[in-house]
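Here's the structure we're looking at; comments come further down.
Since this is a predicted model, take the numbers as computed values, not measurements. Order of the sequence lines fixes the chain letters, A, B, ..., with proteins taken first and strands second; residue numbering starts at 1 for each chain.
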2 protein chains.
Amino acid sequence: MADVFKAISDETRRAILDELIERDEQTLFELCSRLAMRHAVTSSRQAVSQHLDVLEAAGLVRREKRGRYTFHTIDTRPLAQIAERWPITEAPQ
Amino acid sequence: MADVFKAISDETRRAILDELIERDEQTLFELCSRLAMRHAVTSSRQAVSQHLDVLEAAGLVRREKRGRYTFHTIDTRPLAQIAERWPITEAPQ
DNA sequence: AGTATAAGCAAGTAACCACTTGCCTATCAA
DNA sequence: TTGATAGGCAAGTGGTTACTTGCTTATACT
């Protein structure tokens, strides 16, 4: 789907995926503080939340609400279609 | 590079890559007519040329000028970094 | 030399998108 | 029940970007 390409076209969203690869099942606040500390992302909570909306629409992140916390889980499988669509050859074509 | 993600974030540019996968070494005019016929892309020559600029900056397309023709070649290798950055797992994480 | 074809350059425009701001809802603890 | 924490909703704004328009350059053909 086109959503996947749009999702990874933004630097902050790529940092979110990086952070979720390092540590999965994070809440919004956890993500915000760890993005600021480890990935030099200065976006506000609302901005990060909107990015997570985009990542969820692309199927790259799943949300699971427990109590007052919402945990975010990464799912890299939608990225497979990229390598399938344009197979990577060793030498330049 | 960030340019690769930006490059494939646009539907028309993805169609250009699709078309170059089908038939490599096309000129700008060839690309324009084949995009219109086979990929329902209605963009003008200048628009396609600007898209090729972006794809070239991302290293996904190389240009080779011979006489009055400029041939465009696809190089999918920059896409490999995507799968490397977020490895694809079979089951959801 | 003159014309046609292939393509580059550059400014202007309109739509999109990331981000902010302000307010609201829900859950939990004291 | 009151306050604090975690998060959602929605409108407005500024910057980016895809696209058009018009002009220019370069190569090839007659």
Distance, rounded to the nearest Å, where [X] contributes [atom1] and [N] contributes [atom2]:
{"X": "B:Asp10", "N": "D:dC19", "atom1": "CG", "atom2": "C1'", "value": "11 Å"}
{"X": "B:Leu35", "N": "D:dC19", "atom1": "CG", "atom2": "P", "value": "11 Å"}
{"X": "B:His51", "N": "D:dT17", "atom1": "NE2", "atom2": "P", "value": "13 Å"}
{"X": "A:Glu11", "N": "D:dG15", "atom1": "CD", "atom2": "C1'", "value": "17 Å"}
{"X": "B:Tyr69", "N": "D:dA26", "atom1": "OH", "atom2": "C1'", "value": "13 Å"}
{"X": "A:Glu56", "N": "D:dC9", "atom1": "CD", "atom2": "P", "value": "11 Å"}
{"X": "A:Lys6", "N": "D:dA18", "atom1": "NZ", "atom2": "C1'", "value": "16 Å"}
{"X": "B:Leu52", "N": "D:dA18", "atom1": "CG", "atom2": "C1'", "value": "14 Å"}

What closest approach, in Å, do [X] and [Y] show between heavy atoms, and which atom pair accounts for it?
{"X": "A:Arg77", "Y": "B:Thr89", "value": "CG-O, 3.1 Å"}
{"X": "A:Arg45", "Y": "A:Cys32", "value": "CA-SG, 3.7 Å"}
{"X": "B:Pro87", "Y": "A:Thr76", "value": "O-OG1, 2.9 Å"}
{"X": "B:Arg66", "Y": "B:Phe71", "value": "NH1-CE1, 3.5 Å"}

(request) Take B:Ile8 and B:Leu79 through the test side chain to side chain contact (heavy atoms under 4.5 Å, CB included) and record every step on the way to the result. (result) CA-CA 9 Å; B:Ile8 61 172; B:Leu79 297 174; 4.1 Å; yes
(message) With rounding to the nearest 0.5 angstrom, report the OG1 to OH distance, B:Thr27 to B:Tyr69.
(response)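 The OH atom of B:Tyr69 is 7.5 Å from OG1 of B:Thr27, to the nearest 0.5 Å.
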(message) Please report the interatomic distance CZ(A:Arg63) to OG1(A:Thr73), rounded to the nearest 0.5 Å.
(response)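 OG1 of A:Thr73 is found 11.0 Å from CZ of A:Arg63.
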What nucleotide among [options] has an atom nearest to a side-chain atom of [X]?
{"X": "B:Arg68", "options": "D:dC29, D:dT5, D:dG22", "answer": "D:dC29"}
{"X": "A:Thr27", "options": "D:dG8, D:dG7, D:dC19", "answer": "D:dG7"}
{"X": "B:Arg13", "options": "D:dG7, D:dA18, D:dG22", "answer": "D:dA18"}

(message) Set out, in order, the CA-CA distance, both residues' side-chain angles and the distance that settles side chain to side chain contact (heavy atoms under 4.5 Å, CB included) for A:Val61 and A:Leu17, then state yes or no.
(response) CA-CA 8 Å; A:Val61 161; A:Leu17 293 181; 4.3 Å; yes
(request) Assign each of A:Val48 and B:Phe71 to its nearest nucleotide of DNA chain C by heavy atoms, then name whichever residue's nucleotide is nearer the 5' end. (result)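 Checking each residue's closest nucleotide, the 5'-ward one belongs to B:Phe71.
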(request) Could you identify which residues of residues 36-45 of chain A place a heavy atom less than 4.0 Å from some atom of DNA chain C, listed by residue number, or say none? (result)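 Contacts with DNA chain C under 4.0 Å: A:Ser43, A:Ser44.
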(request) For B:Val54 and for A:Asp53, find the nucleotide of DNA chain D with the closest heavy atom, then tell me which residue's nucleotide is more 5'. (result)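 Whichever sits nearer the 5' end wins; that is A:Asp53.
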(request) Could you pick out which residue, A:His72 or A:Gln50, lies toward the 5' side of DNA chain D when each is mapped onto its nearest nucleotide? (result)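 Per heavy-atom nearest nucleotide, the more 5' residue is A:His72.
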(message) Is there a path of hydrophobic side-chain contacts, each under 4.5 Å between heavy atoms, that joins A:Phe5 and A:Ile88?
(response)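 In one cluster: yes.
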(message) Once you apply a heavy-atom cut-off of 4.0 Å, does A:Lys65 come out as touching a base, just sugar-phosphate, or nothing?
(response)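 Since no nucleic acid heavy atom lies under 4.0 Å of A:Lys65, the category is nothing.
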(request) Taking heavy atoms of chain A and a 4.0 Å limit, find me the 5'-most and 3'-most nucleotide of DNA chain C within that range. (result)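 Endpoints of the contacted stretch of DNA chain C: C:dC17 to C:dC28.
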(message) Less than 4.5 Å apart, side chain to side chain, heavy atoms only: is that true for A:Ile74 and A:Leu55?
(response)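 No, every pair of side-chain atoms sits at 4.5 Å or beyond.
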